[in-house]
Amino acid sequence: MQQQTAYLSEWGNNTLDFSKKTPSGLPATTHFIVSAIIPANPGAPELQTILEAVSQRHFNGGRIDSEVVGNDHNKRKEILEDLDEIDFRIFALILDKRQLSGQGLRFKGSLFKFMHGLVDRELFNIYPDLEMIASQPADEGFLKGFIGYVQQSHIPNLFNESAFGFTQLQDSLLVQTAGFIAGSLARCYDETVITDQRTAFIEVLKRKLLTIKFWPDAFEHNLANPPVPGPAYDPLLAELSVKLANSFLQRKSSDRALQSIDQVSCLGYLLFHFRHINPTRYITSFELMEHVGARRGKNVSLDYFQTKVIAPLRDAGVLVASSSRGYKLPASHQDLYDFVSHSNTIIEPMLSRVKKFRDQIVIATDGKLDILAADEYALIRKVVD
């Protein structure tokens, strides 16, 4: 993996008493969000040109600021679509502060130390050599402690390619963009600013998604706009699909083998789309391959994708349905039948060809040669017979 640069920002406050307002008079946010954008080429002239154009068009040449846009949801979607022209990927951690009771995290210091570990683990699992740039924090917030955590957590001779630096917010359009994305994600999850336009925002952001991690990772809290239970959506099957997917991700997320990374990347995208976009929609092979290729920085072939990514996921017990429309985690009986029907269109003709091939050899050799006689072909022989 080539060295990458991540531009970090944060959204939310550290207040854990939701009955009180913050010193600035704002309500305690229900969530705390850390976002990072990882551009393909931070020094590309066109990147700066696009960001300056966004600043001019939407902020009169000023800072790209989520709070300035506020509840103007049409404008926010417009800005996100303009930012979509840039070649970058999004990492985000979304922590539900309401779930911290009993976790030993009721104090600001403990909360931030806990989040430092989460962000550090997730980012450096993806990019072992990472330069990070963040805004200069005004107080003892998340980012101010994170630099110390990173320096203490990584052995210098293993981490000497990496760096962490602060920058003045107004001096980095990329840091401002990370902040705008964090604020946009807040409109999707935080109860103090959430909007019914969340699906539209997520639909744009998912094009750039590297990964979004939630803590705690509870299925029922994160499923966006679940369909009404019925023939097209079975809640019990949906929950099973998510549970098995999460189990694989937990086992494999720290595996640095290239194929494991690609499997985690693909499954993470399927899971995110299932939970936050539309659990009934299939995703094309091309879209999944594009996501896997973007994370590893190199395109993957269809044969590699099918044999080294999808097949091992299924072998590991992950439910991945497929049809002529693509792949998805199953959420209905029809999804299951789609998979079986799609498989049958491949398996039945292949078995028919094997049978014809075998019969011709048997006839030609007067029964002396049966190409399915070997023990390793016992299952095929049983089915053909």
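Sequential numbering from 1 along the given sequence is applied to the chain's residues.
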[X] versus [Y]: any side-chain heavy-atom pair under 4.5 Å?
{"X": "L240", "Y": "L236", "answer": "no"}
{"X": "L267", "Y": "L329", "answer": "yes"}
{"X": "I202", "Y": "F272", "answer": "yes"}
{"X": "F305", "Y": "D262", "answer": "no"}
{"X": "H73", "Y": "N71", "answer": "yes"}
{"X": "R314", "Y": "F339", "answer": "yes"}
{"X": "L351", "Y": "V383", "answer": "yes"}
{"X": "L83", "Y": "L51", "answer": "yes"}

So, for [X] and [Y], which heavy atoms are closest and what is the spacing to 0.1 Å?
{"X": "A28", "Y": "T192", "result": "O-CG2, 3.5 Å"}
{"X": "V292", "Y": "C266", "result": "CG2-CB, 3.9 Å"}
{"X": "S241", "Y": "P330", "result": "OG-O, 2.6 Å"}
{"X": "A232", "Y": "T280", "result": "O-CG2, 3.9 Å"}

Requested in this report: Mind checking salt bridge (charged side-chain N to carboxylate O under 4.0 Å, His left out) for R281 and listing every partner two or more places apart, or none if nothing turns up?
Outcome: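 With sequence neighbours excluded, R281 shows a salt bridge (charged side-chain N to carboxylate O under 4.0 Å, His left out) to E287, given in chain and number order.
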Would you say [atom1] of [X] has more than 12 non-hydrogen atoms from neighbouring residues, nucleotides or ligands within 6.0 angstrom?
{"X": "K356", "atom1": "NZ", "answer": "no"}
{"X": "Y304", "atom1": "OH", "answer": "yes"}
{"X": "E348", "atom1": "CD", "answer": "no"}
{"X": "Y377", "atom1": "OH", "answer": "no"}
{"X": "N299", "atom1": "CG", "answer": "no"}

[X] side chain to [Y] main-chain N or O, any donor-acceptor pair under 3.5 Å?
{"X": "S332", "Y": "Y233", "answer": "no"}
{"X": "T177", "Y": "L173", "answer": "yes"}
{"X": "T345", "Y": "H342", "answer": "yes"}
{"X": "D255", "Y": "A257", "answer": "yes"}
{"X": "R381", "Y": "A374", "answer": "yes"}
{"X": "R187", "Y": "G183", "answer": "yes"}
{"X": "S55", "Y": "R63", "answer": "no"}
{"X": "Q263", "Y": "K308", "answer": "yes"}
{"X": "K206", "Y": "H273", "answer": "no"}
{"X": "H291", "Y": "L209", "answer": "yes"}

Requested in this report: Output all residues satisfying side-chain hydrogen bond (donor to acceptor under 3.5 Å, both in side chains) with S184, sequence neighbours left out; order by chain, then residue number.
Outcome: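 Testing S184 for side-chain hydrogen bond (donor to acceptor under 3.5 Å, both in side chains), a comparison that skips the adjacent residues, returns R76.
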Query raised in the report: Sequence neighbours excluded, which residues qualify as side-chain hydrogen bond (donor to acceptor under 3.5 Å, both in side chains) partners of D359?
Result: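 Testing D359 for side-chain hydrogen bond (donor to acceptor under 3.5 Å, both in side chains), a comparison that skips the adjacent residues, returns K355.
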Query raised in the report: Is the closest side-chain donor-acceptor distance between S260 and R256 under 3.5 Å?
Result: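 No.
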In plain terms, say whether [X] and [Y] are close enough for a salt bridge, that is, a side-chain N and a carboxylate O under 4.0 Å apart.
{"X": "R358", "Y": "D385", "value": "yes"}
{"X": "R325", "Y": "D338", "value": "yes"}
{"X": "D82", "Y": "R57", "value": "yes"}

Query raised in the report: Does the side-chain contact (heavy atoms from CB on, under 4.5 Å) test come out yes or no for E290 and F286, once each step is laid out?
Result: CA-CA 6 Å; E290 187 178 44; F286 176 79; 4.2 Å; yes
**Report entry** Cation-pi geometry met for K328 and F274 (6.0 Å, 45°)
**Finding:**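 Relative to the ring axis of F274, which defines the angle, K328 lies outside at least one limit.
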Query - The single option from D190, T30, T29 passing side-chain hydrogen bond (donor to acceptor under 3.5 Å, both in side chains) against K97 - result: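 The passing option is T29.
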Query raised in the report: Any idea how F214 and Y189 line up, ring-wise: parallel (<30°), tilted (30 to 60°), or perpendicular (>60°)?
Result: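 It falls in the perpendicular class, over 60°.
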